[in-house]
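The structure appears below as structure tokens.
Residue numbering restarts at 1 for every chain, and letters A, B, ... go by the order of the sequence lines. What you see is a predicted model, and the numbers here were worked out from it, not measured in a lab.
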Amino acid sequence: MENFNLAFLNALHLLVSLDSEILQYAWRSVYIALISTTLVIVVTLPMGILIAENNFRFKRAIIIVLNTLMSLPTVLIGLVVYSFIGRMGIFGSFKLLFTIPGIIIGEVILIFPLVLSLVIAALSRDNTQITKTAKALGASQLQTFLILIKESRYAILSSIIAAFGRVIGEVGIATIIGGNAEKYTRTLTTSIVLNINMGYFDYALAIGIVLLTLSLIVNLFMQLLQGSKR
Amino acid sequence: MKLLIIIVCLLASSQLFSSQQVLILATTTSTENSGLLRHIHGDFEKSTDIKIKVIPKGTGASMQLGRDGNADILLVHAPDQEREFILNGYGDKRVEVMHNDFVIIGPSDDPANVKGEKFAAKVLAKIAKEGATFISRGDNSGTHMKEQKLWHLSKMKLISKAKEIITAKGKKEIKFMRPVGGWYRSIGRGMGATIHYATEVQAYTLTDRGTYYAYHHDTKRSKPLVILSEGGSDLFNQYSVIAINPSKHPHVQYSAAKKYVAWITSPRIQKKIALYKKNGKTLFYPDVL
């Protein structure tokens with residue numbers, strides 16, 4: 001496996017020399033993943049609690065729709081967002097095509113159903129005991145809400161990790177919406193595809209190793225965060 | 001939906017504050033990969049204070065960006081399709097900027113015995129008759145368009161795979177021509193990946209010279225493919241720029257695009273293109289100098 005040796009050598013070189021180009025792509029990848037995960041978690045937490053805590057008519061239907069949306073192919077999301085934010089689309093005048101915010105819109109759509117259904121699952125355990133106790137101790141609606149989240153924090157954290165991983169390794173949306181423009185929207189994943197298309201397989205593999213290393217660092221950090229609260 | 005609009009507005013606001021003018025140039029992957037654009041664009045950005053955002057796609061995809069009004073200017077290499085593009089009113093005119101050539105590469109033992117045949121169409125006919133494996137980009141790129149034209153010239157029996165799509169102006173047929181036989185493989189990948197594939201299975205393929213050199217230089221394969229046909233008049237590879245017609249898409253940055261056309265065809269930049277070398281080899285020859 002000459003390929004792997006070369007790839008590891010290349011990856012090591014990129015990491016040790018802090019290659020400025022790769023650093024730029026890496027930062028862009030992490031930035032996109034962080035922002036879209038944050039946006040989604042902020043929105044899905046209250047929604048998740050509303051859905052998990054209440055029984056209403058379309059609850060099952062909502063969950064089925066969410067689960068179905070989880071299999072949306074990224075290229076399809078890319079195309080749909082393209083038609084909305086492209087110049088012919090209704091958001092065309094915002095000039096979001098081929099920009100980082102444009103990519104983030106696509107990624108938000110990608111992970112929204114994933115995170116929401118994981119959050120619903122996390123909060124759907126029998127929480128009546130907790131809610132009752134909290135209410136009995138005089139907690140307000142908001143305080144009860146915060147306690148619920150705190151009690152389910154590990155499950156919520158793993159949904160955050162899943163969402164972050166989904167975005168940072170995603171290439172379809174990043175290519176169609178971002179356009180892989182150097183200095184603007186090129187990310188680690190689109191640069192992997194570019195290098196494959198150029199025939200530089202070893203280098204592409206090396207960037208892949210950089211991406212995984214980065215993901216490892218982020219996950220170690222999250223683990224630390226989790227551990228310190230335990 | 002409300003939420004989506006809020007997010008869009010929030011994200012858009014960050015875009016609107018940047019007043020820097022950005023010209024969107026959709027181009028082929030081969031020009032981007034060659035490093036030429038990176039080499040010359042600094043000059044344009046400095047002298048005009050307009051930033052250039054290069055979107056590397058195949059020629060087919062670049063033209064679609066132009067039709068949708070999502071690019072301001074194109075740098076592409078498929079003259080027939082470009083003329084049609086302009087006839088349909090999407091671009092103002094095509095201005096030839098530079099050229100180089102395609103080559104046909106294949107295994108050094110040359111099973112179809114094509115070495116020395118100058119005309120690419122004849123080479124392809126020979127490959128087809130021998131049933132030697134041929135790898136096609138199959139991705140509607142400029143190189144794929146060129147390949148289909150060469151197959152047409154080879155007078156071999158072709159089948160056309162057509163699909164019908166409905167456009168605003170009615171039905172339109174998208175046609176891909178290909179010869180008949182299992183020896184012809186269409187893989188739908190970029191140029192470098194296609195050379196890689198062809199090397200792995202020791203097959204013939206059509207490539208632009210620049211990508212071949214770059215790939216050849218970069219990898220030490222046990223059985224690298226060699227150039228078997230070059231220099232034929234049918235292997236000419238013409239690159240042109242087309243500014244998107246503002247009467248189709250009023251928002252395109254027409255004046256900046258015109259500046260770009262004037263700049264890239266100016267003697268100074270044409271000279272820069274002529275002098276640009278990668279691994280010691282000239283990749284593009286200017287047309288206006």
Side-chain angles (χ1 to χ4, degrees), chain A residues 2-3 6 21 32 35-36 39-40 42-44 47 80-109 112 175-186 190-191 193-204, chain B residues 3-16 18 22 24-26 29-30 32-34 37-38 41 51-58 61 65 67-71 139 141 168 189-197 199 207 211-212 214-216 218-220 222 244 249-252:
Chain A
E2 190 198 29
N3 258 358
L6 280 177
E21 219 172 83
I32 291 168
I35 300 281
S36 38
L39 278 175
V40 166
V42 165
V43 175
T44 49
M47 282 180 85
V80 171
V81 176
Y82 174 89
S83 62
F84 273 98
I85 68 173
R87 279 308 193 142
M88 319 275 267
I90 52 168
F91 297 124
S93 51
F94 288 125
K95 295 189 189 174
L96 282 164
L97 192 65
F98 307 138
T99 66
I100 299 286
I103 301 177
I104 292 174
I105 292 174
E107 306 294 0
V108 163
I109 295 171
F112 178 78
T175 306
I176 299 175
I177 306 300
N180 189 27
E182 196 191 11
K183 288 192 254 171
Y184 294 92
T185 54
R186 188 165 296 166
T190 62
S191 136
V193 174
L194 177 72
N195 279 288
I196 290 173
N197 278 335
M198 285 162 79
Y200 303 148
F201 289 13
D202 299 324
Y203 193 70
Chain B
L3 182 83
L4 185 73
I5 294 173
I6 292 171
I7 291 177
V8 170
C9 292
L10 272 177
L11 294 171
S13 58
S14 65
Q15 276 320 106
L16 292 175
S18 57
V22 178
I24 296 177
L25 168 77
T29 35
S30 53
E32 156 90 358
N33 294 352
S34 70
L37 297 181
R38 204 172 310 141
H41 276 172
K51 293 265 181 240
I52 307 174
K53 196 183 259 191
V54 179
I55 309 295
K57 301 256 176 193
L65 288 180
R67 277 185 214 105
D68 287 351
N70 285 324
D139 61 352
S141 59
R189 304 286 297 279
M191 195 68 255
T194 302
I195 298 176
H196 185 87
Y197 190 115
T199 310
T207 170
T211 309
Y212 171 70
Y215 183 82
H216 198 61
D218 198 67
T219 45
K220 309 180 295 266
S222 50
I244 301 304
H249 294 290
H251 62 261
V252 294

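- In terms of heavy atoms, B:Pro56 sits closest to A:Gly179 at CD-O, 3.4 Å.
- The structure places CD1 of A:Ile196 at 6.5 Å from CZ of B:Arg189, a figure rounded to the nearest 0.5 Å.
- Considering CG of B:Asn33 and OH of A:Tyr200, their distance stands at 7.0 Å, rounded to 0.5 Å.
- Of the inter-residue distances, the one linking B:Ile55 atom CD1 with A:Thr185 atom OG1 reads 5.5 Å to the nearest 0.5 angstrom.
- Residues meeting the side chain to side chain contact (heavy atoms under 4.5 Å, CB included) test with B:Val54, sequence neighbours left out: B:Leu25, B:Thr27, B:Glu32, B:Leu37, B:His41, B:Ile52.
- Distance alone, capped at 3.5 Å, is enough to place a donor-acceptor pair between the B:Lys53 side chain and the A:Phe98 backbone.
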For a quick test of your reading: what N or O donor-acceptor pairs under 3.5 Å do the side chains of residues 81-90 of chain A make, sequence neighbours left out?
unit_1: A:Tyr82; atom_1: OH; unit_2: B:Asp68; atom_2: OD2; d: 2.7
unit_1: A:Tyr82; atom_1: OH; unit_2: B:Asn70; atom_2: ND2; d: 2.8
unit_1: A:Ser83; atom_1: OG; unit_2: A:Val80; atom_2: O; d: 2.7

